[in-house]
Amino acid sequence: MAEERSFAAPPVAIETARLRKSYGPRWAVDDLSFSVNTGEVVGLLGPNGAGKTTTLSILATLIAPDRGEVRIAGIDSRIAPAGVRRKIGFVPQIIALYAPLSAYQNVEIFARIQGLTRRAAQARSFETLEAVGLRERANDPVWTLSGGMKRRLNLACGMVHRPQVLLLDEPTVGVDPQSRERIFTTIRAAADSGVAVLYSTHYMEEVERMCDRALLIDDGKLLAQGTAAQLIEIGGRHPRMEITFENSPSPNWCAALPGVRELPQVIATPKVILEITNLRQVSEVLEQAHHSGCKLLEFAVHSPNLSDAFIALTGRALRDAATEI
């Protein structure tokens, strides 16, 4: 008998329970359970091939899972997939626009597909184009727009019907800084209005800036979840100091400092790399360095970030060469 699971009550907008999906012998999604609340932006992180796009495609009802449950705004996607589609806005990584048509015509088409009346679609289309900064380009054919404009238009098409859930698959790939800022502003405004946002991205700084929480997946499994600060703590990384001396100091020059560890290097150089427990130890290390008998030339401090935690938890960099699934 399949294991029963009671789903949480609102304000949960997205909830998965023991989700699995395979492609041949490989599990793209493996026993994945998580939730996203209304008004929350949750980052979906993982190396290439970790299962991010497959997860979003299942949530969008584009593919069916082999096992597990999905509820969107309280609707079971297995029982009422059409009802789920009315609740979501899906913005794929590949730009899905009609190049010969104008920006306005593209947004209006998606509004009408979602069941809006002609009058409502017209009003909502102009309103959404204004939100993404394309109101003045409403009548321009898509093929005349820049890459950043197309990304913003792609977002407008996914949210013109005011969905309760917004699924975003790397919405800022290849965009200019101005377009990125407009996309951020639009997504944040949607979340502030109560939309639940699941945001897949390769950019750690976007998660640190935009997301209330993040889900870290690899090989289709959930490795960790929490705020950026919590993931950094889970990753177990500590601040590091790089100190350059005029000459190499003695091997045990910092041995008396508790919680300070010199990291090994392949080649002996006047630069030493230390792992420290916290940033309060920086002044103690510098004082010890001044008494090491070697002249201190420069130093730098590196605080642990989400990229450090990512590599610590997955064992690989985010952009390993692999096919995303």
- Backbone N or O of Ala131 within a donor-acceptor pair of the Thr186 side chain at under 3.5 Å? yes
- Tightest non-hydrogen contact, residues Leu222 and Ser33, listed as CD2-O, 3.5 Å
- Distance, nearest 0.5 Å, that separates CG of Asp30 from CG of Asp218: 11.5 Å
- Task: Answer whether the closest heavy-atom distance between the side chains of Leu167 and Ile14 falls below 4.5 Å.
- Result: yes
- Message: Treating Thr277 as the side-chain partner and Gly259 as the backbone partner, does any N or O pair qualify as donor plus acceptor under 3.5 Å?
- Response: yes
- When rounded to the nearest 0.5 angstrom, what is the spacing between NZ in Lys87 and CD in Gln114? 11.5 Å
- Message: Tell me every residue that passes salt bridge (Lys or Arg N to Asp or Glu O under 4.0 Å) with Asp140, counting only those two or more places apart in sequence or in another chain.
- Response: Arg137
- Task: Identify the two heavy atoms, one from Ala121 and one from Glu108, that lie closest to each other, and give their separation to 0.1 Å.
- Result: CB-CG, 4.2 Å
- If you measure from the Lys or Arg side-chain nitrogens to the Asp or Glu carboxylate oxygens, is any gap between Arg71 and Glu15 under 4.0 Å? no
- Scan Asp66, Thr54, Thr16, Asp219 and name whichever one has a side-chain contact (heavy atoms from CB on, under 4.5 Å) with Val29. Thr54
- Query: Would you call the rings of Tyr104 and Phe126 parallel, tilted or perpendicular, where under 30° means parallel and over 60° means perpendicular?
  - Reply: parallel
- Message: For a 4.5 angstrom cut-off between non-hydrogen side-chain atoms, does Asn305 reach Met204?
- Response: no
- Note on the structure: Leu59 and Val84 have their tightest heavy-atom pair at O-CG1, 4.0 Å
- Query: Quick one: do Arg188 and Asp212 make a salt bridge, cutoff under 4.0 Å?
  - Reply: yes
- Only residue of Arg67, Lys21, Arg20 satisfying salt bridge (Lys or Arg N to Asp or Glu O under 4.0 Å) with Asp31 is Arg67
- When rounded to the nearest 0.5 angstrom, what is the spacing between CZ in Phe110 and NE2 in His161? 10.5 Å
- For the residue pair Ile243 and Leu274, what are the closest heavy atoms and their distance? CD1-CD1, 4.0 Å
- Query: Are Glu170 and His202 close enough that a side-chain donor and a side-chain acceptor fall under 3.5 Å?
  - Reply: yes
- Shortest non-hydrogen contact between Cys211 and Val42, atoms and distance: SG-C, 4.1 Å
- Note on the structure: Scanning both residues in full, the closest heavy-atom pair of Leu153 with Ala103 reads CD1-O, 3.7 Å
- Query: Do Arg78 and Asp76 sit within salt-bridge range, that is, some charged N less than 4.0 Å from a carboxylate O?
  - Reply: yes
- Salt bridge or not for Glu206 and Arg180, using N-O below 4.0 Å? yes
- Distance-only, no hydrogens or angles: does the Gln105 side chain make a donor-acceptor pair with backbone N or O of Ser102 under 3.5 Å? yes
- Query: Quick one: do Leu215 and Leu168 end up in the same hydrophobic cluster if we chain Ile, Leu, Val, Met, Phe, Trp and Tyr together by side-chain heavy atoms under 4.5 Å apart?
  - Reply: no
- Separation of Ile276 CD1 from Arg240 CZ (nearest 0.5 Å): 10.5 Å
- Lys/Arg-Asp/Glu bridge criterion (N-O < 4.0 Å) met for Glu181, Arg209: yes
